[in-house]
Amino acid sequence: MVEELVAEAFTSATAAELDGLLPEAGTERESGCPLHTLQRFFTLTSGTEFDNISKLWLNARNLSRYRPVLHDQVVNQELRWCGRIEEIITQGVREQAFQCSDPWAAAVRILAVIDGISAYINTSADHRMAPLADLARTIAEAELQLPSGTLRSS
């Protein structure tokens, strides 16, 4: 019972965060433009407001090693996040805003960088911000063959 409640709470929080950061197609996506959607996403994920969800993910991944129900939900949510990023990249490729031969692989790599940066959240958040502030955005620009600074909000 407790296992299911923990997994449900994690799923609810991370699904809400995903919908806030990257709304589904046809909902609140900023003008439907994939470039603007990613600019907004990188602005939001590089702010301190994102730190709480980073802590949740970090702790859930650790606990999921011992809790099979939570493990399944962590995997499901990781795939949802990657899938949402993949959708945006695919739309951007279709609209010729981006160039990318493998949107799924790009989405996984972008999310891995964001997660890697978040791994420092419980210990050295204050010291990591300056050197890592633009790393995920820089990787995404390279993945999508965009000029440096393109994914920075104007």
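In this structure, the side chain of Arg152 does not engage the main chain of Gly149 through any donor-acceptor pair within 3.5 Å. With hydrogens and angles ignored, the 3.5 Å screen pairs a side-chain donor or acceptor of Glu141 with a backbone N or O of Thr150. Under the 3.5 Å distance criterion, the side-chain polar atoms of Glu24 are left unmatched by any main-chain donor or acceptor of Asp19. Between the side chain of Arg40 and the backbone N or O of Leu21 there is at least one donor-acceptor pair closer than 3.5 Å. With hydrogens and angles disregarded, a donor-acceptor distance shorter than 3.5 Å links the side chain of Asp102 to the backbone of Ala105.
A pairwise comparison of heavy atoms in Ser118 and Leu58 identifies O-CD2, 4.4 Å as the closest pair. For the pair Gly20 and Pro23, the tightest heavy-atom approach, listed with the atom from each and the gap, is O-CD, 4.3 Å. When all heavy atoms are compared, the tightest approach of Glu95 to Pro34 is OE1-CD, 3.2 Å. When all heavy atoms of Ala136 and Ile117 are compared, the closest pair comes out as N-CD1, 4.0 Å. Between Leu146 and Ala97 the shortest heavy-atom distance is CD2-O, 3.4 Å. When every heavy atom of Leu44 is checked against every heavy atom of Phe50, the shortest pair comes out as O-CB, 3.6 Å.
To the nearest 0.5 Å, atom CD1 of residue Ile139 and atom CG of residue Asp134 are 11.5 Å apart. If you take CD on Glu87 and SG on Cys82, they are separated by 11.5 Å, rounding to the nearest 0.5 Å. Atom CG of Leu70 sits about 12.0 Å away from atom CG of Leu5, to the nearest 0.5 Å. Here Arg67 contributes atom CZ and Asp72 contributes atom CG; the two are 14.0 Å apart, rounded to the nearest 0.5 Å. Within the model, atoms CZ of Phe98 and CG of Leu38 stand 4.5 Å from one another, a figure rounded to the nearest 0.5 Å. Note: Ile110 CD1 to Ile88 CD1 = 9.5 Å, rounded to the nearest 0.5 Å.
You'll find the side chain of Leu56 reaches within 4.5 Å of the side chain of Ile53, heavy atoms only. Looking at heavy atoms from C-beta onward, Trp57 lies in side-chain contact with Glu78 at the 4.5 angstrom threshold. Proximity of Thr138 to Leu151: side-chain heavy atoms (C-beta onward) are nowhere separated by under 4.5 Å.
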Practice prompt. Before giving the answer on side chain to side chain contact (heavy atoms under 4.5 Å, CB included), spell out for Arg84 and Leu18 the whole-Å C-alpha distance, their side-chain angles and the decisive distance to 0.1 Å.
Written response: CA-CA 8 Å; Arg84 190 77 54 91; Leu18 174 60; 3.7 Å; yes
Worksheet item: Does the pair Phe42 and Ile114 meet the rule for a side chain to side chain contact (heavy atoms under 4.5 Å, CB included), with working shown?
Response: CA-CA 9 Å; Phe42 285 111; Ile114 291 169; 4.1 Å; yes
Discussion item. Run the side chain to side chain contact (heavy atoms under 4.5 Å, CB included) test on Arg137 and Thr43 for me, step by step, so that the C-alpha distance in whole Å, both residues' side-chain angles and the decisive distance to 0.1 Å come before the verdict.
Written reply: CA-CA 9 Å; Arg137 189 183 338 250; Thr43 297; 4.1 Å; yes
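No single ILVMFWY cluster, assembled from side-chain heavy atoms under 4.5 Å apart, contains both Val108 and Ile89. Val69 and Val6 end up in different hydrophobic clusters when Ile, Leu, Val, Met, Phe, Trp and Tyr side chains are linked at under 4.5 Å. Linking ILVMFWY residues whenever their side-chain heavy atoms come closer than 4.5 Å, directly or via other members, places Trp104 and Val75 in the same cluster. Under the 4.5 Å side-chain contact rule for hydrophobic residues, Val2 and Phe10 share a cluster.
Within the structure, every pair that satisfies the side-chain hydrogen bond (donor to acceptor under 3.5 Å, both in side chains) test and touches residues 5-14, not counting sequence neighbours, is listed here: Thr11-Gln73, Thr14-Gln77.
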